[in-house]
Amino acid sequence: MTAMVKAEGVHKSFGAAHILKGIDLEVAPREVFCLIGPSGSGKSTFLRCINHLEQINAGRLYVDGQLVGYRQKGDKLYELKDSEVALKRRDIGMVFQRFNLFPHMTAIENVMEAPVQVKGEAKAVARARAERLLDRVGLGDKAKNYPSQLSGGQQQRVAIARALAMEPKLMLFDEPTSALDPELVGDVLDVMRGLAEDGMTMVVVTHEMGFAREVGDALVFMDDGVVVESGHPRDVLTNPQHDRTKSFLSKVL
C-alpha cells in the first residue's frame with residue numbers, strides 16, 4: 001500500500017536557522033496522524049512543506065507516491081512550475097490557525113469559490129456541494145452570513161468546509177483550534193472526528209491531547225526539528241519513553 005505522505009530525510013532552513021533536521025515519517029491512507037511538540041519545533045513548517053507552501057532544502061517528500069514540488073530525472077530534482085504545483089495542491093486541503101476566509105464573501109461563497117475558479121466547475125454544482133458541506137459542519141443555517149457575523153469556531157468550520165469542497169485526498173490541519181475560545185473548540189473537533197470516521201487521511205498539528213488520544217491513529221512528538229518519539233497516541237501519551245517527551249507531556253497533560 002502506498003503511503004499517503006512519506007518523508008525521507010527532509011531538511012528545511014530559513015537562512016541560518018535550521019528548522020527541520022532530517023524528518024523521516026510515513027502517514028498511511030485513512031490515518032489520523034497527529035504532530036505534537038513545543039512551539040518552534042518545526043511542526044507547522046513540516047505541514048507547509050507537505051503541500052509545497054515551503055520548499056524543502058534536502059530529502060524527499062511524497063504525497064500518494066508522487067514527489068511534492070519536484071520531478072526527478074536520474075539523481076537530480078527539478079522544481080515543478082507554479083502551475084504544476086497548483087495542480088497537485090488541489091488534492092490537499094489545508095486548514096490554518098487563522099481562518100483566512102474572504103471577508104467580502106458569504107459562507108457559501110467562500111466554500112464555492114475554489115471549485116468554480118480553480119476547477120471551472122458550474123456554479124450550480126459547486127453551490128449544491130457547498131450546501132451539503134455547510135450542513136455537514138453544522139452551519140447549514142449560516143450559508144448567507146459573512147465571516148464577520150460568525151464566531152471564530154463557526155469561521156473555522158466554514159474553513160474546513162472550504163477545504164473539503166476541492167474533494168481532497170489529504171487534509172492538513174495546523175493547530176485548527178488554537179485561536180478559538182475554549183467553549184468553541186469542541187464543535188471544530190467534532191467535525192474533525194466525523195472526517196476521521198469517514199476515512200479522510202489527516203495530518204493534524206495540535207495541542208489537543210484528548211483529541212490525539214481519542215481520534216489519532218499515530219502520533220509523533222517533535223522537538224528542535226527532529227522526531228523524538230513516535231507510536232500509537234495512547235502509548236506515547238501514557239507511557240513516553242524519551243525524557244524530552246516526558247518533560248513536555250508533564251507540562252501539557
Side-chain angles (χ1 to χ4, degrees), residues 5 7 10 12 17 19-21 23 25 27 31-51 53-54 92-101 137-138 150-160 163 170-197 200-253:
V5 179
V10 169
K12 173 64 185 173
I19 306 298
L20 300 177
K21 302 171 182 173
I23 300 291
L25 57 79
V27 181
E31 193 166 57
V32 178
F33 191 98
C34 296
L35 289 168
I36 66 168
S39 294
S41 57
K43 310 180 302 293
S44 294
T45 298
F46 178 68
L47 207 67
R48 291 170 66 83
C49 290
I50 293 175
N51 67 355
L53 287 174
E54 302 289 355
I92 306 172
M94 184 149 184
V95 178
F96 301 88
Q97 289 180 41
R98 299 283 168 192
F99 328 119
N100 294 357
L101 297 177
V137 300
L150 301 172
S151 72
Q154 290 169 335
Q155 289 185 59
Q156 191 61 296
R157 284 184 280 153
V158 173
I160 293 172
L170 170 66
M171 284 283 282
L172 309 177
F173 291 88
D174 188 6
E175 296 185 15
T177 59
S178 65
L180 301 180
D181 292 334
E183 70 269 22
L184 303 176
V185 167
D187 292 337
V188 173
L189 294 180
D190 284 345
V191 171
M192 293 170 67
R193 276 190 196 93
L195 290 177
E197 286 163 10
M200 174 63 77
T201 311
M202 302 197 280
V203 182
V204 186
V205 173
T206 186
H207 293 301
E208 301 290 339
M209 300 302 156
F211 174 83
R213 187 187 289 112
E214 288 166 47
V215 184
D217 299 302
L219 181 140
V220 155
F221 170 66
M222 281 178 67
D223 188 31
D224 196 28
V226 298
V227 172
V228 176
E229 191 164 338
S230 61
H232 191 278
R234 285 196 185 94
D235 296 338
V236 177
L237 294 173
T238 54
N239 188 25
Q241 301 300 303
H242 197 285
D243 286 345
R244 184 67 192 90
T245 318
K246 291 175 187 173
S247 166
F248 174 76
L249 291 175
S250 72
K251 295 183 180 81
V252 298
L253 288 178

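Just so it is clear, the values below take in all heavy atoms, side chains as well, and ignore hydrogens, waters and symmetry mates.
Between the CE atom in Met94 and the CG atom in Leu170 there is a gap of 10.5 Å [rounded to 0.5 Å]. Here the straight-line distance linking atom CZ of Phe248 with atom CE of Met209 works out to 4.5 Å at 0.5 Å rounding. The line from CZ of Phe99 to CD of Gln154 is 10.5 Å long, rounded to the nearest 0.5 Å.
Considering only residues two or more places apart in sequence or on other chains, Arg48 meets the salt bridge (charged side-chain N to carboxylate O under 4.0 Å, His left out) condition with Glu54. In this view, Asp187 and Arg157 satisfy the salt bridge (charged side-chain N to carboxylate O under 4.0 Å, His left out) rule, not counting sequence neighbours.
Looking at every heavy atom in both residues, Ile23 comes nearest to Val226 through CD1-CA, 4.0 Å. Taking all atoms of both residues into account, the shortest heavy-atom contact from Ala212 to Leu237 is CB-CD1, 4.5 Å. Considering every non-hydrogen atom in both Val95 and Ala163, the closest pair reads CG2-CB, 4.1 Å.
At a threshold of 4.5 Å between non-hydrogen side-chain atoms, the residues Val5 and Thr201 do not count as touching. Put simply, the side chain of Leu25 reaches to within 4.5 Å of the side chain of Phe46, judged on heavy atoms. Side-chain contact between Phe173 and Val188 is absent, with no heavy atoms from C-beta onward closer than 4.5 Å.
The backbone N or O of Leu101 sits nowhere less than 3.5 Å from a side-chain atom of Gln155 that would complete a donor-acceptor pair. Counting only distance, with no hydrogens or angles, the side chain of Lys43 and the backbone of Met222 share no donor-acceptor pair below 3.5 Å. Side-chain atoms of Gln241 come within 3.5 Å of backbone N or O of Asn239 as a donor-acceptor pair.
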Next on the checklist: Run Ser247 and Lys251 through side chain to side chain donor-acceptor pair (under 3.5 Å) and show every step you take.
Outcome noted: CA-CA 7 Å; Ser247 166; Lys251 295 183 180 81; 3.1 Å; yes
Next on the checklist: Before you tell me yes or no, could you show the steps for Leu20 and Cys49 under side-chain contact (heavy atoms from CB on, under 4.5 Å), namely the whole-Å CA-CA distance, both residues' side-chain angles and the distance that decides it to 0.1 Å?
Outcome noted: CA-CA 10 Å; Leu20 300 177; Cys49 290; 4.1 Å; yes
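Applying the salt bridge (charged side-chain N to carboxylate O under 4.0 Å, His left out) test to every pair with at least one member in residues 216-229, sequence neighbours left out, gives these pairs: Lys21-Asp224, Asp223-Arg244.
A 6.0 Å sphere centred on CZ of Arg98 holds no more than 12 heavy atoms belonging to other residues, nucleotides or ligands.
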